[in-house]
2 protein chains.
Amino acid sequence: MKLTEAKQQFISSWGAFGTHWGINRTMAQIHALLLVSPDPLTQDDMMEELNISRGNTNMNIRELINWGLVERVIIPGERKEFFTAEKDIWKVVRQIVKERKKRELEPMLDLLNKLEAVEGDKRDKNVRTFVDTISSIKKLGNQADKTLDVMIRAEENWFVGSMMKLFK
Amino acid sequence: MKLTEAKQQFISSWGAFGTHWGINRTMAQIHALLLVSPDPLTQDDMMEELNISRGNTNMNIRELINWGLVERVIIPGERKEFFTAEKDIWKVVRQIVKERKKRELEPMLDLLNKLEAVEGDKRDKNVRTFVDTISSIKKLGNQADKTLDVMIRAEENWFVGSMMKLFK
DNA sequence: TTGAATTTTCAAAATATATTGAAAATAATA
DNA sequence: TATTATTTTCAATATATTTTGAAAATTCAA
């Protein structure tokens with residue numbers, strides 16, 4: 001397979017993959033393109049490679065910057081802005097985990113804490129089932145929260161290393 | 001907070017939560033409703049509780065059954081079908097992990113294997129960056145694959161136990 | 001069988017999400 | 001400062017996804 005074709009396949013399936021994870025197709029595709037590009041790219045480069053509009057490109061680049069996955073690069077003598085993606089996949093994963101934990105897991109735990117305190121007779125099986133379900137999700141969520149914290153703080157490859165020892 | 005209100009809040013935020021994970025709102029809401037219901041429910045029960053149509057209810061129940069999260073229950077003497085959800089949250093998580101691994105991770109690894117074999121001169125930095133990126137994603141993906149396999153096969157609470165030991 | 005209850009299907013409608021593109025804002029240069 | 005290049009915004013449009021509901025299929029009991 002030729003590089004051009006391989007690149008296209010990668011970008012397109014990375015995009016499809018993203019949609020299963022609540023990330024929009026274009027954002028994932030821009031990220032994929034930057035991951036396989038040795039040098040920083042401009043908005044126009046991306047528009048051309050991916051056949052998308054200027055506005056779409058711009059919004060999704062900004063979103064990638066918000067997620068901490070892409071950054072602006074100043075190239076001396078160039079008028080246009082360039083962008084590059086973090087290439088270390090472990091850093092990328094840690095960054096995504098960090099953001100999703102903050103955006104999703106933590107608010108969910110806050111809610112569960114409130115809901116666990118529901119009033120009502122514990123002898124009512126509706127109350128009991130509700131409280132039990134909430135408690136067990138909360139317990140799991142707290143575990144995940146701690147585990148992810150350690151992972152986020154961990155050195156590069158730490159997770160791989162630990163997991164290997166544990167699971168070999 | 002009263003049970004009815006707490007239940008509604010749980011169902012509605014579980015639905016919103018689901019959309020961040022590529023699961024549709026209704027499917028997540030039905031799942032939430034079944035999780036907090038002590039006894040099996042019929043389609044009509046769910047339609048009423050969630051204010052959704054018969055078709056929608058039916059399709060999403062079937063999807064939940066496909067995912068292995070819900071099952072039909074036969075209640076002697078009853079004409080209608082009843083449904084219930086697995087209440088053990090660890091089993092639920094393991095089941096979801098198992099399915100997503102099969103549906104997403106494994107096909108992605110297959111693709112990466114193909115793409116890694118791209119032809120071209122390794123001295124070309126485009127080729128080099130492409131191959132490096134694909135390899136490192138593949139490496140990470142394989143680690144995740146192994147780790148998840150162990151997790152799926154693990155006894156209940158095994159994961160919590162190990163993680164606690166490891167991260168304490 | 002027949003008929004009523006129940007479940008399933010799926011085209012059409014509704015809703016939600018993503019994308020465009022041109023105008024406005026901003027930044028860089030002369 | 002005026003001019004031009006570049007980036008940003010956002011209403012309108014396009015696309016994708018979800019939901020509805022009525023008809024068809026199935027199941028069950030008499």
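Keep in mind that this is a model prediction, so the values were computed, not measured. All chains are named by letter (A, B, ...) in the order of the sequence lines, taking the proteins before the strands, and each is independently numbered beginning at 1.
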Original post:
Could you give the CD1-to-P distance, from B:Ile23 to D:dT17, as a whole number of Å?
Top reply: 15 Å

Original post:
Taking the nucleotide of DNA chain D with the closest heavy atom to each, which residue, A:Asp44 or A:Arg25, is nearer the 5' end?
Top reply: A:Asp44

Subject >> Nearest-nucleotide pick for A:Ser53, side chain only, options being C:dT7, C:dT20, D:dT8 >> reply: C:dT20

**OP:** Ignoring the backbone of A:Asn24, work out which of C:dA18, D:dT27, C:dT7 is nearest its side chain.
**Re:** C:dA18

**OP:** Assign each of B:Ile52 and B:Glu78 to its nearest nucleotide of DNA chain D by heavy atoms, then name whichever residue's nucleotide is nearer the 5' end.
**Re:** B:Ile52

Subject >> Gap between atoms CD1 and C1', on B:Ile75 and C:dT6 respectively (whole Å) >> reply: 16 Å

Original post:
Would you say a side-chain N or O of B:Thr26 is under 4.0 Å from OP1 or OP2 of D:dT18?
Top reply: no

Original post:
Closest to the A:Arg79 side chain: D:dT8, C:dA4, D:dT4?
Top reply: D:dT4

**OP:** Could you check how far CG of A:Leu50 sits from C1' of C:dT19, rounded to whole Å?
**Re:** 13 Å

Original post:
Counting only side-chain N and O atoms of B:Asn56, is one of them less than 4.0 Å from OP1 or OP2 of D:dT18?
Top reply: no

Original post:
Do B:Asp45 and B:Phe83 have side-chain heavy atoms sitting under 4.5 Å apart?
Top reply: no

Original post:
Please give, in whole Å, the distance from C:dG21 P to A:Met47 CE?
Top reply: 9 Å

Original post:
In whole Å, what is the span from the CD atom of A:Gln43 to the C1' atom of C:dG21?
Top reply: 14 Å

Original post:
With a 4.0 Å cut-off on heavy atoms, is B:Asn58 in touch with a base, just the backbone sugar-phosphate, or nothing at all?
Top reply: base

**OP:** Looking at every strand, decide which applies to B:Arg62 at a 4.0 Å heavy-atom threshold: base, sugar-phosphate, or nothing.
**Re:** sugar-phosphate

Original post:
Can you say whether the rings of A:Trp14 and A:Phe17 are parallel (under 30°), tilted (30 to 60°) or perpendicular (over 60°)?
Top reply: parallel

Original post:
Does any non-hydrogen side-chain atom of B:Lys138 lie less than 4.5 Å from one of B:Asn113?
Top reply: yes

**OP:** Rounded off to whole Å, could you give me the CD-to-C1' distance for the B:Glu63 and D:dT18 pair?
**Re:** 13 Å

Original post:
Is it the case that B:Thr129 and B:Asp132 place a side-chain donor and acceptor less than 3.5 Å from each other?
Top reply: no

Subject >> Test item: A:Glu99 and A:Ile96 side chains (from C-beta on) under 4.5 Å apart, heavy atoms >> reply: no

Original post:
So which one's nearest nucleotide on DNA chain C is more toward 5', B:Arg54 or A:Gly77?
Top reply: B:Arg54

Subject >> A:Asn60 CG to C:dA18 C1', straight-line distance once rounded to whole Å >> reply: 9 Å

Subject >> Value in whole Å for how far the P atom of C:dT17 lies from CE of A:Met59 >> reply: 14 Å

